[in-house]
There are 2 protein chains.
Amino acid sequence: MITNKAVLKDRLLAKGIKPTYQRTAILGFLLDNRTHPTIKSLHNSLVKTIPTLSKTTLYSTLELFAAKGLVAPLTIDRSEVRYDGLASSHHHFLCERCGRIIDVDVSCANSRRGEIGGHRIKEVHGYFKGICKDCLKQTYKTNKRRIFHG
Amino acid sequence: MITNKAVLKDRLLAKGIKPTYQRTAILGFLLDNRTHPTIKSLHNSLVKTIPTLSKTTLYSTLELFAAKGLVAPLTIDRSEVRYDGLASSHHHFLCERCGRIIDVDVSCANSRRGEIGGHRIKEVHGYFKGICKDCLKQTYKTNKRRIFHG
DNA sequence: GCCTTATTTGTAATCATTACAAATTGGATT
DNA sequence: AATCCAATTTGTAATGATTACAAATAAGGC
């Protein structure tokens with residue numbers, strides 16, 4: 001784990017969350033790995049260090065984190081929710097070639113104004129779909145990454 | 001049905017889709033009702049005129065329509081996909097009070113440019129969450145609509 | 001009307017998510 | 001450091017949207 005344990009503990013306590021072993025590990029993973037993982041891939045990764053970790057714990061912990069604004073659930077995939085360890089508002093880019101979800105900064109005039117068409121904005125969710133910078137470079141090279149269809 | 005049958009037929013034929021009874025009714029409903037319905041609510045509405053209509057037909061038809069660019073699937077709800085009869089790029093506003101999903105026009109500088117951070121943009125998906133114009137007006141009145149939690 | 005093919009339908013799987021109760025853990029108190 | 005209570009974690013069993021698939025039906029050309 002790259003992120004310091006004390007930092008994780010403080011982050012959890014600051015939100016009024018008891019910093020248990022599992023919670024610290026889950027938050028740590030999300031901060032260290034900006035891959036926007038699904039529950040399944042989170043579980044695959046974390047059972048290596050916590051063999052008893054159950055998927056139910058992941059579901060309930062991430063629900064708790066999301067409610068407290070520690071993580072953001074992403075509904076970009078139609079089939080499964082992904083989780084973002086960076087909860088502050090930003091957008092995402094889904095590469096249809098390599099399947100990666102990449103963070104992008106977006107300054108949206110509407111969200112800055114706080115309203116659109118008379119409706120009061122509380123949250124902004126957005127993502128782009130296309131071909132990422134890396135894949136564009138590799139257009140004429142063999143792409144060894146998993147091809148993503150979606 | 002408000003939208004003319006001949007118009008629906010032409011729209012389907014223009015996309016190379018055989019205009020069957022079911023397909024015409026489904027497209028007609030989506031063009032007449034801009035409510036972004038789920039499969040379930042589509043089925044509830046359409047069985048009134050087509051009693052034999054199966055959910056499987058709805059799933060396969062909407063998949064076909066989406067592939068041909070006739071409708072847009074929305075993944076705003078975490079639990080079920082919604083369908084938008086207007087496929088041209090626009091954004092949505094989810095009201096957390098009444099649960100409605102409202103179309104909004106958004107001119108996004110990034111999508112106009114066609115790229116962001118070096119990534120080539122093919123699609124733009126976005127929605128806002130907050131309180132819609134109508135609900136803002138009714139703040140001190142009784143709201144008879146279903147309260148939406150999510 | 002008949003035939004061939006595409007479409008529609010119903011039923012049965014699949015799979016992420018949720019519900020729930022039992023087991024375990026954490027922390028306070030003594 | 002043993003004990004107790006409440007919160008957390010875990011495993012198993014439901015739920016429910018979506019998909020798979022094969023049989024029934026409809027559409028269009030002859």
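Proteins get letters first, then strands, A, B, ... in listed order; numbering begins at 1 in each.
No donor-acceptor distance shorter than 3.5 angstrom exists from the side chain of B:Asp77 to the backbone of B:Ser79, with no hydrogens or angles considered. Of the possible donor and acceptor atoms, one in the side chain of B:His36 sits under 3.5 Å from a partner among the backbone N and O of B:Ile101. The main-chain N or O of B:Thr57 is found under 3.5 Å from a side-chain atom of B:Ser60 such that the two form a donor-acceptor pair. Under the 3.5 Å distance criterion, the side-chain polar atoms of B:His119 are matched with a main-chain donor or acceptor of A:Lys133. Without hydrogens or angle criteria, A:Asn33 side chain to A:Thr35 main chain gives no donor-acceptor distance under 3.5 Å. In this structure, A:Thr61 contributes its side chain and A:Leu58 its backbone to no donor-acceptor pair below 3.5 Å.
Summarising the geometry, the separation between CG on B:Leu13 and C1' on D:dG28 is reported as 13 Å, rounded to the nearest angstrom. Look at CG on B:Leu64: it is 14 Å from P on D:dT19, rounded to the nearest Å. Straight-line distance from the CG atom of B:Leu42 to the P atom of D:dT18: 11 Å, rounded to whole Å. Taking atom CZ of A:Arg78 as the reference point, atom C1' of D:dG16 lies 18 Å away to the nearest angstrom. Here the P atom of nucleotide D:dG28 and the OH atom of B:Tyr21 are 15 Å apart, to the nearest Å. Between the P atom of C:dT25 and the CD1 atom of A:Ile17 lies a distance of 21 Å, rounded to the nearest Å. Computed from coordinates, the A:Glu63 CD to D:dT8 P distance equals 13 Å when rounded to whole Å. Rounded to whole angstrom, the span from the NZ atom of B:Lys9 across to the P atom of D:dA27 amounts to 12 Å.
Residue-to-nucleotide proximity on DNA chain D shows that, of B:Thr20 and B:Glu80, the 5′-proximal contact is made by B:Glu80.
Heavy atoms of A:Ser79 sit under 4.0 angstrom from primed sugar atoms or phosphate atoms, though from no base atom.
Here B:Gln22 does not reach the OP1 or OP2 of D:dA26: none of its side-chain N or O atoms lies under 4.0 Å away. The phosphate of C:dA16 (OP1 or OP2) has a side-chain N or O of A:Lys40 nearer than 4.0 angstrom. Taking only side-chain nitrogens and oxygens, A:Arg23 comes nearer than 4.0 Å to OP1 or OP2 of D:dT9.
Of the residues in residues 52-61 of chain A, A:Thr56, A:Tyr59 come within less than 4.0 Å of DNA chain C through at least one heavy atom, sorted by number.
Distance CG/B:Asp84 to CD1/B:Ile76: 8.5 Å, rounded to 0.5 Å.
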